[in-house]
Amino acid sequence: MWRFGLCLICITVGVSAHKLNVDQAMVNHQVVPDVIPVAPKEIIQVNYSNGEKALLGNELTPTKVKDQPSVSWNADPNSFYTLCLIDPDAPSRAEPTSREWHHWLVGNIPGGNVSLGETLSGYVGSGPPPKTGLHRYVFLVFKQPSKLSFDEPRISNKSAENRDKFSINKFALKYNLGTPVAGNFYQAQYDDYVPILYQQFGVN
């Protein structure tokens with residue numbers, strides 16, 4: 001019996017430490033305050049089909065994240081959510097004059113089923129310019145007060161228009177989303193896939 005109790009204590013401590021790591025990682029990498037004022041407590045699981053995953057600031061390459069990942073979080077099946085992926089370091093972390101460049105935006109997600117959500121901006125992988133160092137790519141999930149009517153422009157994954165100088169904080173305020181309930185992020189810098197991505201936008 002005492003072993004069972006000890007296991008429960010270990011599980012509780014492990015979960016608490018895991019939650020704390022989201023806070024610490026976002027503060028350590030200055031996602032707080034560059035993107036959001038307060039870090040979420042829960043983590044978003046972000047898995048790419050090639051086996052790669054985002055893990056609180058690990059480095060991935062643009063090649064590895066070119067395809068839309070599967071994402072999941074501790075979702076209430078009776079609620080709607082908004083999911084975003086943003087780069088606050090566009091065109092570079094030293095001079096982020098286009099902060100924030102949003103790579104993915106989906107609203108009205110029922111429960112945690114992203115495929116049934118309303119895509120406002122199609123998924124675009126990382127495309128940091130050459131010689132700009134590491135960029136942070138931040139996933140955030142907000143719990144909506146209800147199903148919403150979004151008046152944002154719909155942007156396909158073939159377009160780079162209307163993606164720069166986005167503010168997730170202003171977006172959240174506009175739609176009364178409050179603070180994010182879950183988050184995660186990775187970092188990436190230029191590789192040979194980036195020019196291919198730019199061709200997708202018609203940019204040489």
Side-chain angles (χ1 to χ4, degrees), residues 19 22 26 31 35-56 60 62 64-88 90 98-127 135-186 188 197 200-201:
K19 289 182 179 179
V22 179
M26 288 196 168
V31 174
V35 178
I36 47 176
V38 179
K41 303 298 182 185
E42 300 283 347
I43 194 167
I44 303 170
Q45 302 295 332
V46 180
N47 297 293
Y48 290 88
S49 59
N50 55 17
E52 299 291 340
K53 59 180 62 180
L55 191 58
L56 299 176
L60 300 173
K64 291 176 178 176
V65 300
K66 63 185 180 68
D67 298 319
Q68 181 177 310
S70 64
V71 299
S72 60
W73 62 93
N74 185 21
D76 175 357
N78 298 313
S79 296
F80 291 94
Y81 294 86
T82 292
L83 165 70
C84 73
L85 170 61
I86 55 173
D87 172 10
S98 292
R99 174 182 292 174
E100 302 152 355
W101 209 94
H102 74 283
H103 287 252
W104 198 17
L105 187 61
V106 185
N108 288 329
I109 299 168
N113 196 335
V114 177
S115 65
L116 295 181
E118 183 178 351
T119 300
L120 307 180
S121 299
Y123 178 85
V124 171
S126 299
H135 290 224
R136 297 163 293 175
Y137 293 88
V138 183
F139 292 87
L140 296 170
V141 164
F142 295 81
K143 187 175 183 179
Q144 298 176 190
S146 62
K147 191 171 184 179
L148 299 171
S149 294
F150 295 99
D151 62 5
E152 310 301 310
R154 273 39 176 190
I155 307 171
S156 81
N157 62 358
K158 306 288 186 184
S159 176
E161 293 184 5
N162 299 310
R163 288 182 180 266
D164 67 332
K165 297 183 179 179
F166 179 78
S167 169
I168 191 57
N169 282 324
K170 290 181 180 178
F171 181 90
L173 184 63
K174 178 179 179 179
Y175 293 103
N176 193 29
L177 300 181
T179 57
V181 295
N184 203 341
F185 66 104
Y186 66 87
L197 177 62
Q200 180 176 314
F201 299 143

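Any value given below was found using the heavy atoms of this structure, including those in side chains, with hydrogens, waters and symmetry copies removed.
In this structure Phe142 satisfies the ring pair (Phe, Tyr, Trp, His ring centres under 6.0 Å) test with no other residue, sequence neighbours excluded. Residues satisfying the salt bridge (charged side-chain N to carboxylate O under 4.0 Å, His left out) criterion with Asp67, sequence neighbours excluded, are absent altogether. The salt bridge (charged side-chain N to carboxylate O under 4.0 Å, His left out) check on Lys66 picks up nothing, with sequence neighbours excluded. For Tyr186, the ring pair (Phe, Tyr, Trp, His ring centres under 6.0 Å) test picks out Tyr137, with sequence neighbours left out. With sequence neighbours excluded, the residues that form a salt bridge (charged side-chain N to carboxylate O under 4.0 Å, His left out) with Lys143 are Asp76.
The side-chain hydrogen bond (donor to acceptor under 3.5 Å, both in side chains) analysis of residues 148-163, with sequence neighbours excluded, yields the pairs Glu118-Arg154, Asp151-Lys174, Asp151-Tyr175, Glu152-Lys174, Glu152-Tyr175.
Gln45 and Ser72 share no donor-acceptor pair across their side chains, judged by distance under 3.5 Å alone.
Note that CG of Asp164 and NE2 of His102 are 9.5 Å apart. Values are rounded to the nearest 0.5 Å. Separation of atoms OG1 (Thr179) and CG (Asn169) is listed at 10.0 Å; rounding is to 0.5 Å. Rounding to the nearest 0.5 Å places OG of Ser167 at 8.0 Å from CD1 of Ile86. For the atom pair CD (Gln144) and OH (Tyr81), the distance works out to 10.0 Å, reported to the nearest 0.5 Å. Once rounded to the nearest 0.5 Å, the distance linking CD1 of Ile168 with CG of Leu140 reads 6.5 Å.
Proximity of a side-chain donor or acceptor of Asn47 to a complementary backbone N or O of Ser70 within less than 3.5 Å is not detected. Judged by distance alone, the side chain of His103 and the main-chain N or O of Gly125 form a donor-acceptor pair under 3.5 Å. Using a distance-only test at 3.5 Å, with no hydrogens or angles considered, no donor-acceptor pair links the side chain of Glu52 to the main chain of Leu60. Between the side chain of Asn108 and the backbone N or O of Gly117, no donor-acceptor pair lies under 3.5 Å.
Contact detail for Ala54 and Asn184: the closest heavy-atom pair is O-ND2, 3.2 Å. Considering every non-hydrogen atom in both Phe185 and Val138, the closest pair reads CB-CA, 3.8 Å. Heavy-atom minimum distance, Gly111 versus Ala75: C-CB, 3.7 Å. Leu197 and Ser126 get closest at one heavy-atom pair: CD2-O, 3.6 Å. Closest approach of Leu120 to Gly107, counting heavy atoms only: CG-N, 4.4 Å.
The closest side-chain heavy-atom distance from Phe139 to Ile43 is not below 4.5 Å. Considering only heavy atoms from C-beta on, Ile155 stays 4.5 Å or farther from Val124 through its side chain. Inter-residue side-chain proximity for Pro40 and Val141 is flagged as unmet; no heavy-atom pair is nearer than 4.5 Å. Using a 4.5 Å heavy-atom cutoff, the side chains of Ile36 and Met26 are in contact. Within the 4.5 Å cutoff, the side chain of Phe80 has no heavy atoms near those of the Leu148 side chain. Between Leu105 and Thr82 there is a side-chain heavy-atom pair separated by less than 4.5 Å.
A tilted orientation is assigned to the rings of Phe201 and Trp101, their planes being inclined by 30° to 60°.
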In sequence, state the C-alpha distance, the side-chain angles, and the governing distance for Trp104 and Val114, and then conclude on side-chain contact (heavy atoms from CB on, under 4.5 Å). CA-CA 12 Å; Trp104 198 17; Val114 177; 4.1 Å; yes

